[in-house]
Amino acid sequence: MARYNSKEAETKWQALWRDRGCFSATESSDRPKYYVLEMFPYPSGRLHIGHVRNYTIGDVVARYKRARGFNVLHPMGWDAFGLPAENAAIANRIHPATWTFENIDVMRGQLQMMGLAYDWDREIATCSPDYYRHEQKMFLDFLAAGLAYRKESWVNWDPVENTVLANEQVIEGRGWRSGALVEKRKLSQWFLRITAYAEDLLGALPGLERWPDKVRLMQENWIGKSTGARLRFAVDDPERAGTPEIEVFTTRQDTLFGASFLAISPNHPVAARLAEANPELAQFIAECNRVGTSEAAIETAEKRGFATGLKARHPFIEGLLLPVCVANFVLMEYGTGAIFGCPAHDQRDLDFARKYQLPVLPVVIPDGIDPAAFTIGDEAYTGPGVLRNSGFLDGLEVEAAKQAAGLRLEAMAVGERTTVYRLRDWGVSRQRYWGCPIPVVHCDSCGVVPVPEAELPVALPLDVTFDRPGNPLEHHPTWKHVNCPACGRPARRETDTFDTFFESSWYFARFASPHETGRGFSAEAARYWLPVDQYIGGVEHAVLHLLYSRFFTRALKGCGYLDVEEPFAGLMTQGMVTHATYRAEDGSWLYPEEIESRDGRIVRAADGSPVAVGRLEKMSKSRKNVVGLEVVVDAYGADTARLLLLSDSPPDRDLEWSEAGIDGAWRYLNRLWRLVVEPPVPLPAAGSAAPERFGESATAVRRAIHKTIAATTDDLEKFHFNKAVARLRELTNSLAELDGGGAGDAWVLREGCEALVRLVGPVMPHLAEELWQALGHESLLVDTAWPEADPALTADDTVTVAVQVNGKLRATLPLARDAEAGVAEAAAMADPAVIRALDGKAVRRIIVVPNRIINVVV
RNA sequence: GCGGGCGUGGCGGAAUUGGUAGACGCGCUGGAUUUAGGUUCCAGUGGCCCUAGGUCGUGGGGGUUCAAGUCCCUCCGCCCGCACCA
């Protein structure tokens, strides 16, 4: 018989789905809407198998929901602005636009090859002016609403390339291309006031019930709400400090009596002022600034301080002067950029105090410890306790002391209780070419002037070169020279472009009406489709992209664009696809296709030299452990690849791609094909009436069929694709065992095949269409409803109950479902294995969990 | 450094969320079939004890409970994020 020809079948069904517009979504439907979206890709080149797990998961959800009667929107687009296009331009002398669009063409073809059920009429590319013109308008609206503003902030500056570097381009303090020591520089940049929504973004997290807890927790920590107090320390030499006082923020105002120093950020104005007259301090600050702007770099750097000689007056202790230091671990962006150090009750302060021989005075004594005996060693005490050595706070618990200290500061008018957030405003300026131009003009007379709406889009000029360092927009002969929209005099365009998170913060709304020209999307279409019912993507976006999108949606609502606040009602974060890594003798990485197995040893195919097999790692070009999409689809077909991507691992965990795995998936596909096309018993015609009675085997298999329908449906609802696949394999095994010897076997086999084919439809859509046709159906499977389980067949009359003695399993008993405890108990006590285990000992207690377990305690 | 996660047979993972640990698959072993060649079918497969049966077993250690992979404490290992990669 003919074998399943994946190539032929996949091409055929893909064309048919396309020609019949099976996946195009409309807003006019009486079915409930369902919007499923996978995080859209950056068009970086060519997809490998690891990239498509995400889209396969989304596709299963889309096809499943469609079968369940939903009006499904499942779009795809391209997050097309970004740094790699510029890197390619510099490295290969190819224009970013050319590079990007070529990549898009390749990747679109690859996604289509996988048979993904997208509505391609809604495809968008964010680098198109048709897209980014709308976000320029949004920015102007934000500006008018006070949500966008300019301020100075620090960047990584490469003095050789004359450019700003991304944190990932700074490697051990040096520019990745130039190798030059990176400096921190201050630039005037645009910011979006996400902090205005901090409380709202935090408060709405519990309502995101279909988000993973871990993501909500990460966002909560990122927003980092903390309550405490601001307080001002008078300085002993206001002239030298340039200010009469230094304001600090603390969450531990209760420990003020244990303060032994003040620390200010190297970027604090007072530090800058003191450095003017102190070259050593200036030197110290310069060294701090060499660390780079990433928080990880700052936090892992050795804690260092510099004594300024300045002193600050303790607000509660008359005459006590605390030294003021500049410390590299104090962040200017958080709180006030200055802290007071209480070494006894903060680990970082303690480390600092030990290093610079500052006093350590415990002021919180743990309950039940003698205050006289309590000392601090290498570990700060941060737990609860009672205040000592603390004047008016003595005897209070920590919380009460915080309250009392706060009130006293307020009464003295030197501070107030307050709340701060770790969250900082979103810097959206990038000194880059391949991004959306920020639509403002700088005029010497009028300052910053928004580009009038009628002149949008501010289009990115395409005639640029990358032959010298810096931003090509700066070097363009004409582009930035315009007349001021306000006064008409010569002025300069803003040459910064937006952070690419800007585009991805509203693309999900654009998909609702991607061809809308007047605004980013029609309010009506957005009202219909939003929020996204199920969003799917990697955890690496748990904070930034998702938080920015949540903020953006609120900001858009505030500007009258839409009427939802949360863009994503459901979120699933999928794990990585991993693959073994291979290294040649010389240590260089090898692609999987460069190796082979000879006599049980892994060797290099080219010359038989030994290969070291490394651990599983995320598929990445740099380690060469990638498997190309075309290679897999050519050899096994898209359905086999899809099956493997959904098998074995739950979606939120890593998945191992292996040659054995793909072979196993391929075998199952063929097994299923044979079952339906060459059934063990000839099938009755489609739609034949059910027989009068079913024999034992037929009844058992019918139960299996209906249980599988129920359980698989439940698995898909919960996104347990790996379990769903396991159940489908089990049903396939059960059906294959039918031999036609029992009454109704043939009819049940058809019933089972029909159910099975419909259940595998979302996973292996091409094969399923082919089998649906083979079963004698004229209709398309994609237009066929999801099977329904018969409740009468999903529950068993008897259940197997485990019997334990003292928690150890001794027997299992078949019992009637929901048998009474007394009956179950009697059956258990009569079991020979139980009697033997009891060994005549007195029974103390019997625990009966209905339909599960009986535990006899002796 | 801070934040988040993960850890179950040789391997990927199941376990109705505190109730029979190892579903399903990969691999391996033995057998059958076939014009052996991405075959197919049957049987077996956590460790230890000679089997009936017993005993140990979910990264290590401790605890709560009639009962712990699941809850608590602690330690170890690995992975992800940290604001200009997307």
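Summarising the geometry, the separation between CD on A/Glu737 and C1' on B/A43 is reported as 14 Å, rounded to the nearest angstrom. The separation between A/Glu678 atom CD and B/C41 atom P is 12 Å, rounded to whole Å. Taking atom NE2 of residue A/His720 and atom C1' of nucleotide B/G12, one finds them 17 Å apart after rounding to whole Å.
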Checklist outcome for this item: In 5'-to-3' order, the base (B), backbone-only (S) or no-contact (-) status of each nucleotide in nucleotides 80-86 of chain B, using a 4.0 angstrom heavy-atom cut-off, is -SBBBBB
Next on the checklist: Base contacts versus sugar-phosphate-only contacts with protein, heavy atoms under 4.0 Å: please encode nucleotides 21-33 of chain B as B, S and - from 5' to 3'.
Outcome noted: --BSSSS------
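Partners of A/Arg174 by salt bridge (charged side-chain N to carboxylate O under 4.0 Å, His left out), not counting sequence neighbours: none found. In terms of the ring pair (Phe, Tyr, Trp, His ring centres under 6.0 Å) criterion, residue partners of A/Tyr132 (sequence neighbours excluded) are, by chain and number, A/Phe81. Listed by chain and residue number, nothing satisfies the side chain to side chain donor-acceptor pair (under 3.5 Å) test with A/Lys303 (two or more places apart in sequence, or in another chain). Checked against ring pair (Phe, Tyr, Trp, His ring centres under 6.0 Å), A/Trp666 has the following partners two or more places apart in sequence or in another chain: A/Tyr636. The salt bridge (charged side-chain N to carboxylate O under 4.0 Å, His left out) test applied to A/Lys184 returns no partner, not counting sequence neighbours. Residues forming a side chain to side chain contact (heavy atoms under 4.5 Å, CB included) with A/Glu220 (at least two apart in sequence, or on another chain): A/Leu202, A/Leu205, A/Leu217. With sequence neighbours left out, the ring pair (Phe, Tyr, Trp, His ring centres under 6.0 Å) criterion links A/His48 to A/His51.
The side chain to side chain donor-acceptor pair (under 3.5 Å) contacts involving residues 645-657 of chain A comprise nothing, where partners must be two or more places apart or lie in separate chains.
B/G81 takes the anti form, because its glycosidic angle lies more than 90° either side of 0.
The stretch residues 849-858 of chain A comes close to RNA chain B through A/Val849, A/Arg852, A/Ile853, A/Asn855, A/Val857, each having a heavy atom under 4.0 Å from the strand.
Under a cutoff of 6.0 Å and an axis angle of 45°, A/Arg422 and A/Trp222 form a cation-pi pair.
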Checklist outcome for this item: Taking Watson-Crick and G-U wobble contacts under 3.5 angstrom, with | marking pairs to another strand and [ ] crossing pairs, the secondary structure of RNA chain B is written (((((((..(((......[....)))((((((.......))))))((((...))))..(((((..]....))))))))))))....
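Side-chain nitrogen and oxygen atoms of A/Asn221 include at least one within less than 4.0 Å of the OP1 or OP2 phosphate oxygen of B/G4.
Between A/Trp426 and A/Tyr548, the distance from one ring center to the other falls under 6.0 angstrom.
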